[in-house]
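Reading through the structure tokens given below for one structure.
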Amino acid sequence: RFLSGRHMMPASEKMPELASMSAEEIIKQFAPDCDPTVFGRLSREGLYTAADILQLDKQDLQCLGLNMAERNRIINISVGGGAVVQSSPVSVPSQPPPPQRICSVDEPVRIASNDGPIRIASSGLVVSRSLVTSLFQRQISSGPRAASQPDPEDVSQQRLDDVEGMADFWCGLVRNAENAEGRRRPSSAELQDQVVSGLDVRETVLEMLFDLTPEHVKEVYNGIDRDADGIITQTELGKGLQQYKLPQFNESDLARILTLVTDNSQSTLMRLPQFEAVLSRLKLAQLLCTEQGERARQLTYVDYTMSNVAPPRTIGAEIEFRDFFFGHRPPKPSSEPFSVRWVHLPALDHLVLLALTVKYSLPPLSVEDVLEQTPTKVERTGSNYFVAIEQLFLNEEDDGVACAVAKPTEGTKPISVQGRHVGIFCAGPPHLDTLISVVQPDASLESDWPGGVSKCVVSVADRWEKKLRKRLESPLSRLRERRADYLMYQMIDLSADELLGVNRAFVKRLSHLEVELRRRKSELLPEWDEEVLNAQLQLAVLKRRVTGLQRALRNLLSDSYFNSPGGLSAYLHDVMDHLNEALDDAGQLSEKCKAMLDMQERLTEREQERVQQTMADRLNRTLFVLTVATTVFAPVQFVAGVYGMNFTTLDGTPTVPELLWRHGYSAFWGVVLGYLLVSTAFAIWLYRRLHKPLPEYEAGKAVVPKTLRPAIASRFMFARCSPCCACCRHRLGGGRREHFSRVTASCA
């Protein structure tokens with residue numbers, strides 16, 4: 001420890017003069033590979049001299065961001081004995097004395113290291129090489145200085161993390177075991193076919209091969225631990241790995257695994273956490289250590305804290321996948337209360353989903369729901385949450401990619417939608433530090449959505465992801481102030497907003513159709529009738545999805561954590577209110593569709609009646625002409641028939657006297673022509689009389705002349721009262737006196 005500006009150092013160590021060094025130089029000298037953010041924390045915490053650094057204990061150095069090996073190097077200097085080195089003044093800005101404690105919570109730090117493990121014979125611990133080097137540079141003291149020695153639990157955890165990060169080692173074990181058995185590893189396409197074509201994916205694939213939930217691993221562990229002493233031997237380890245359909249490892253490989261992961265060099269026994277680590281790494285190696293030529297994959301993840309968000313990182317190469325799945329996330333900064341990782345799978349890849357299942361111990365039942373695209377639901381498995389959402393979204397312009405549809409606010413074009421299925425895995429309390437989202441196209445929408453879904457390809461999923469990223473990167477981000485449960489709520493809220501957008505688009509479109517229906521009346525296009533009918537059926541699908549999301553929100557609100565005072569019940573109730581409003585609007589729109597269909601049916605019937613009336617009037621006019629012609633020519637035909645009879649006497653004389661007239665034939669034609677002239681003149685007069693213009697109206701009342709006959713008066717009153725007597729067109733035109741009297745009274 002540094003006391004009164006004097007520091008004790010071993011005389012045998014050739015170390016630089018610490019008194020003349022600053023705090024930053026100390027870090028650069030003994031922790032050259034530390035995170036660059038450590039130097040920023042030095043000035044923020046007021047650490048400027050070597051004395052400031054050497055006064056810190058192990059917990060303070062951890063809060064600065066140093067790993068275990070770096071902390072122990074600096075602690076070794078402060079506890080070493082030897083000559084006294086007089087300190088010299090160092091230029092320090094005017095600052096208050098640095099605090100003695102940087103943080104009050106000691107959390108384990110998980111950092112992958114490339115140093116190979118090494119065993120200390122004197123202590124029996126297996127630690128990283130850098131830590132062993134610093135330990136053997138001094139004599140481990142006892143008594144008051146024993147607190148500065150490495151914590152065995154931290155050393156064990158650090159060693160296990162180092163072993164888990166050795167991707168090449170695990171991949172080599174699996175590859176050698178498969179080659180020894182002569183078994184060809186199935187490709188990713190074959191594995192995907194096995195998952196997709198399985199009749200019962202959960203029982204035949206997920207639970208049998210990839211169920212690494214703590215409960216199931218513990219059950220397997222207890223099953224192979226025959227003596228129930230809490231530890232398993234090398235033989236029992238091999239039997240346990242066989243239950244997960246891993247290749248059969250020989251005794252030398254099992255011995256290498258035990259040597260790496262066990263704590264005691266004198267024992268070859270393994271405990272449950274070590275067995276779980278070995279099992280997960282071997283399954284990851286079986287999935288991810290692919291041969292050359294496998295297709296590239298894509299996965300995105302974002303790490304963020306309250307004050308900072310790391311740039312989104314997209315991984316696709318095999319080496320990047322190994323680093324992500326075999327390694328661990330960086331430690332949480334000491335100044336941050338929490339850190340959250342969001343892992344996003346933008347397109348369903350069965351192999352990547354299985355790897356996420358192994359790494360994060362996802363429950364098989366929830367993974368099966370993702371694969372089979374279960375309807376909207378929320379369930380809690382242990383302390384973790386799973387949410388499945390069936391989303392609907394409009395097609396519109398996005399990032400320069402435009403579909404052949406209008407914006408939803410215009411309502412001038414038919415509505416075009418697409419669907420997707422989103423699966424969300426969220427770590428439950430108290431950690432709430434991880435969220436996994438899996439997005440895939442909705443396979444059931446094409447058959448459920450009347451009229452078919454849009455075929456255009458729009459990056460709507462990217463737009464949804466960009467919204468969340470933009471909120472995360474906002475300077476005053478409310479999203480970063482909370483943990484992963486708030487990120488899950490944001491995804492649910494965005495899904496509800498998409499449903500509300502579809503609902504508003506239906507409002508605009510149906511209002512536009514209703515205006516056109518009233519304006520154009522009989523001139524409606526034939527396909528509009530089909531569109532309104534499809535809209536009525538589509539609204540039923542929309543209501544079903546809104547109801548499913550409401551049911552999921554009720555399940556969340558009934559959860560003890562979300563319904564607690566510090567939970568998200570207020571936010572969830574707000575989303576519930578919006579969904580209730582959308583459900584009411586959808587019901588009202590369904591009724592409007594029904595009314596529009598009825599109105600269009602009535603207009604169609606009226607149009608048909610008008611056409612039938614036009615045809616009837618045309619037929620009546622034709623019959624009128626024929627009747628007049630028949631009436632005119634009937635007497636002529638009668639006269640011609642009478643004088644055309646050939647009755648004669650016995651001597652051949654005609655019995656018709658006029659036939660014996662000298663000018664009888666001329667007289668006949670004279671009479672006929674005269675008759676035709678008179679009858680034609682009468683017919684013209686009658687036609688003009690019937691089509692004479694109606695008299696003027698005074699004060700809105702019809703003055704019916706008494707001289708008009710009932711037929712003319714009937715036509716007159718029908719023309720005056722046509723708005724209220726359109727249904728009596730035929731009867732009024734017929735001139736029925738009794739009906740005319742009733743209509744006249746009602747119209748008057």
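Start at 1 with the first residue, then count along the sequence.
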| request: To the nearest 0.5 Å, tell me how far L206 CG sits from L354 CG. | output: 6.5 Å
| Do L494 and L468 come close enough that some side-chain heavy atom pair is under 4.5 Å? | yes
| message | Under a 3.5 Å distance rule, please check whether S477 uses its side chain to pair with a backbone N or O of S474 as donor and acceptor. | response | no
| field | Backbone N/O of Y244 and side chain of K283: donor-acceptor pair under 3.5 Å | value | yes
| message | If I take atom CD from residue Q490 and atom CG from residue L479, how far apart are they, to the nearest 0.5 angstrom? | response | 5.5 Å
| field | Verdict with reasoning, V378 to M488, per side-chain contact (heavy atoms from CB on, under 4.5 Å) | value | CA-CA 11 Å; V378 171; M488 180 177 68; over 6 Å; no
| Test: R322 and D168 ion pair at under 4.0 Å | yes
| Tell me, do L356 and V343 make a side-chain contact under 4.5 Å, heavy atoms counted? | yes
| request: Grab the two heavy atoms, one from T305 and one from P333, that are nearest each other, plus how far apart they are. | output: CG2-CD, 4.3 Å
| request: Side-chain contact test, heavy atoms from C-beta onward, threshold under 4.5 Å: evaluate it for N503 versus L589 and give yes or no. | output: yes
| said: With a 3.5 Å distance limit and no angle check, can you tell me whether R380 reaches the backbone of F386 through a side-chain donor-acceptor pair? | reply: no
| query | Any idea which heavy atoms bring R281 and G327 closest together, and the distance? | reply | NH2-O, 4.0 Å
| task | Apply the test side-chain contact (heavy atoms from CB on, under 4.5 Å) to residues L299 and D349: give CA-CA distance (whole Å), side-chain angles for both, the deciding distance (0.1 Å), then the verdict. | result | CA-CA 9 Å; L299 182 70; D349 189 303; over 6 Å; no
| Q588 atom CD, neighbour heavy-atom count above 12 within 6.0 Å | no
| note | Nearest heavy-atom contact between F321 and I315 is CE1-O, 3.8 Å
| message | Taking the basic N atoms (NZ, or NE/NH1/NH2) and the acidic carboxylate oxygens, is any pair closer than 4.0 Å for E481 and R478? | response | yes
| query | Any salt bridge between D497 and K467, counting N to O under 4.0 Å? | reply | no
| message | Less than 4.5 Å apart, side chain to side chain, heavy atoms only: is that true for S558 and N563? | response | no
| message | Ignoring hydrogens, what is the shortest heavy-atom contact between L345 and Q298? Give both atom names and the distance. | response | CD1-O, 3.5 Å
| message | Is it the case that the side chain of K359 and the backbone of F325 share a donor-acceptor pair, with hydrogens and angles ignored and the cut-off at 3.5 Å? | response | yes
| task | Measure from NZ or CZ of K592 to the centre of the six-membered ring of F506 and say whether it is under 6.0 Å with the direction within 45° of the ring axis. | result | no
| request: Apply side-chain contact (heavy atoms from CB on, under 4.5 Å) to the pair T381 and L365, showing each step before the final yes or no. | output: CA-CA 9 Å; T381 305; L365 187 61; over 6 Å; no
| request: Could you tell me if the ring centre of Y489 sits under 6.0 Å from that of F562? | output: no
| field | Shortest non-hydrogen contact from S383 toward P429 | value | O-CD, 3.5 Å
| request: For S361 and L212, indicate whether the former's side chain and the latter's backbone hold a donor-acceptor pair under 3.5 Å. | output: yes
| request: Would you give the length of the straight line joining atom NE2 of H421 to atom CG of L348, rounded to the nearest 0.5 angstrom? | output: 10.5 Å
| query | Got a sec, which residues hit ring-ring contact (aromatic ring centres under 6.0 Å, His included) with Y561, two or more places apart in sequence or on another chain? | reply | none
| task | Give a yes or no on whether a salt bridge exists between E473 and R469, defined as a side-chain N under 4.0 angstrom from a carboxylate O. | result | no
| query | With a 4.5 Å heavy-atom cut-off, do W170 and L284 have their side chains touching? | reply | no
| For the residue pair A535 and L510, what are the closest heavy atoms and their distance? | CB-CD2, 4.2 Å
Distance-only criterion, 3.5 Å: show the donor-acceptor pairs between side-chain atoms of residues 433-441 and protein atoms not counting sequence neighbours.
unit_1, atom_1, unit_2, atom_2, d
T434, OG1, R329, NH2, 2.7
S437, OG, W342, NE1, 3.0
S437, OG, H344, ND1, 2.7
Q440, OE1, Q373, NE2, 3.1
Q440, NE2, V370, O, 2.7

| Under 4.5 Å between any side-chain heavy atoms of K245 and Q286, yes or no? | no
| message | Measuring from atom CG of D529 to atom CG of N534, what distance do you get when rounded to the nearest 0.5 angstrom? | response | 10.0 Å
| With F338 via side-chain contact (heavy atoms from CB on, under 4.5 Å) - residues at least two apart | M306, V340, R483
| query | Within a reach of under 6.0 Å around NE2 of H431, are more than 12 heavy atoms found that belong to other residues, nucleotides or ligands? | reply | no
| message | Ring centres under 6.0 Å, that's the criterion: do F425 and Y360 meet it? | response | no
| said: Determine whether a donor-acceptor pair (N or O, by modelled atom type, separation under 3.5 Å) exists between the side chain of T376 and the backbone of L549. | reply: no
| E498 side, atom CD; L394 side, atom CG - distance, nearest 0.5 Å | 7.5 Å
| field | Straight-line distance of L556 CG to D485 CG, nearest 0.5 Å | value | 10.0 Å
| said: Could you check whether any side-chain heavy atom of V541 comes within less than 4.5 Å of a side-chain heavy atom of P450, counting everything from C-beta outward? | reply: yes
| Just wondering, more than 12 heavy atoms not from R606 lying within 6.0 Å of its CZ? | no
| request: Return yes if a side-chain donor-acceptor contact under 3.5 Å exists between N580 and Q550, otherwise no. | output: yes
| query | Got M576 and R554 here, is their nearest side-chain heavy-atom distance under 4.5 Å? | reply | yes
| query | What's the verdict on side-chain contact (heavy atoms from CB on, under 4.5 Å) for Y304 and L487, showing C-alpha distance, side-chain angles and the deciding distance? | reply | CA-CA 11 Å; Y304 65 91; L487 179 60; 3.9 Å; yes
